[in-house]
Amino acid sequence: MTRLRTALLSSLLLAAALPAPALFAQPAETAAPAVPSFDARAGQIVGLLMGRVAFADSFAPSFQAAVPEAQFRAIAANLIAQYGQPIAIAGTASDNGRSGTVRLRFERGIATVRLDIGPPPEARITGLQFTGFTVSDDTMERVTAEIAALPGRSGFLVAKIDGAAIRPVASANPDRQFATGSTFKLYVLDELAAAVAAGERRWRDVVPLSHLSFSSAATGNWPPDTPVTLQTLANWMISVSDNGAADTLIHLLGRERIEARMRAAGHSAPSRNIPFLTTVEAFALKGDNFADLRAPFIAGNDAQQRRILDANRHRFTLAQVDGVSFGGEPRFIDDLEWFASPMDVARVLVDLKARRSDAAMAAMAINNGVGPAAAADWSWLGYKGGSELGVLSMSLLGRRKIDSKWFVVTASWNNDKADLDGAKLVGLVTRLLALAAKDGVTPSAPPPAP
């Protein structure tokens, strides 16, 4: 359920190798090959995306191992489908000649790209990260139409936050329930913050890392029962979507307490998430090792499902998860998941904001999900995403720089027949965020004529 995080920043690590021509001729026996500069490498990005520069000659070995040519071509094709063909470099900036920012003009917008090149003499590109897009003459109506055209089911909400009031600016299917993957961790964070506010716990409390899980970016190889603080668990759970941190907190706080917090936060269909599953329980029930429990669990009511979990507590361990849900096609995403509507997500984000917990808000802001360029119009930006096969979700809470107004931008996309294009949703949500930054803002009047 951390797969989306890679797609969110479209980590393209590229290397082009067309050496810049020497300015002055030298004797052949003493001539040294020119070292490509940062600007020269930046100038090759258009050719790379268009397939005019050889992939094998252009990328550092580390990139080629991480992103094979076929994957790079697929990413390039997706960018071109969304923004038109790349045209030219609109500007570059680098402090050290090895890393910096490139503005890349497409037919329908401008991309902000983080570029890193390796050491001489090859100076190959080791990093190319698309961190934001500005689409020319973009509108909420255009983005709404593109979201509606996504295969499967989709919905989104852009809303102003006025105290506890959620005032929609644009939406599609805002009250429909979607599988949201790791977005459920917002409810765990909300209950943890509430427990701290009630004096029951402290952020600096040290607890054992009691429940390891798959897809745990921080805790995956940690020894069981490693002592960690509650703040550390919250930071891991939200910023890198660590499942071991989430499961440890669910067991520590109690699923019933989280369920009650979910209801109090205004979830419109809480029974969809009762009993509130740990990630190990969800992975297990999706797998072949638990086929005997899956059908009765799906068919059962809340009480019956809770009895199944309790009676088989000894079986629901990481060692018993076969991992079949991590490959192939989506598995049971309409039944074994965590569900919320876009409006439900907005409600829990508003609940977290109202709790005035510096620690909870700090956890949400560690990774803003969209990169520095897309976040430039926001003085504070918090994020949580979720993903698995057939499931993508992105949710942001932000305060605008221009007027300190708060907004929620959240979108979910499900398809039980096929996996989803994470980069496409990232682009759409980034555009919604950019449009929210401009909503209701009156352009500054031009200066008076001299």
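It should be emphasised that the depicted structure is a prediction, and the values quoted were computed from it without experimental measurement. Numbers for residues simply follow the sequence, beginning at 1.
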Side chains of T279 and D247, donor plus acceptor under 3.5 Å
yes
Tightest non-hydrogen contact, residues G155 and N173, listed as CA-CB, 4.1 Å
Side-chain ion pair, E191 and R201, N-O less than 4.0 Å
no
Locate the shortest heavy-atom distance separating K417 from N415; write the atom from each residue and the value.
N-OD1, 2.9 Å
Decide, yes or no, whether a salt bridge links R272 with D344 under the criterion of side-chain N to carboxylate O below 4.0 Å.
no
May I ask you to say whether R355 pairs ionically with D351, meaning some side-chain N is under 4.0 Å from a carboxylate O?
yes
Does the pair R73/E69 count as a salt bridge with the N-to-O cut at 4.0 Å?
yes
What's the verdict on ring-ring contact (aromatic ring centres under 6.0 Å, His included) for F297 and F290, showing C-alpha distance, side-chain angles and the deciding distance?
CA-CA 10 Å; F297 185 88; F290 289 80; over 10 Å; no
Show the nearest heavy-atom pair for residues A359 and W203, with the distance to one decimal.
CB-CE2, 3.4 Å
Is the closest side-chain donor-acceptor distance between S136 and E107 under 3.5 Å?
no
Ion pair D138/K438, N-O distance below 4.0 Å:
no
Quick one: closest heavy-atom pair of N273 and E337, and the distance?
OD1-O, 4.2 Å
Under a 4.0 Å threshold between the charged nitrogen and the carboxylate oxygen, would D439 count as salt-bridged to K405?
no
Side chains of S395 and T183 only: does a donor on one sit below 3.5 Å from an acceptor on the other?
no
Taking all non-hydrogen atoms of both residues, which atom of G427 and which atom of Q82 are closest, and how far apart?
CA-OE1, 4.2 Å
Flag the pair D288 and R331 as a salt bridge only when some basic side-chain nitrogen lies within less than 4.0 angstrom of an acidic carboxylate oxygen.
yes
Among F178, F339, F276, which one satisfies ring-ring contact (aromatic ring centres under 6.0 Å, His included) with F184?
F276
Closest non-hydrogen contact found for W222 with L209 is CB-CD2, 3.8 Å
D310 vs R307, salt bridge (charged side-chain N to carboxylate O under 4.0 Å, His left out): CA-CA, chis, key distance, verdict
CA-CA 5 Å; D310 290 343; R307 285 195 291 271; over 6 Å; no
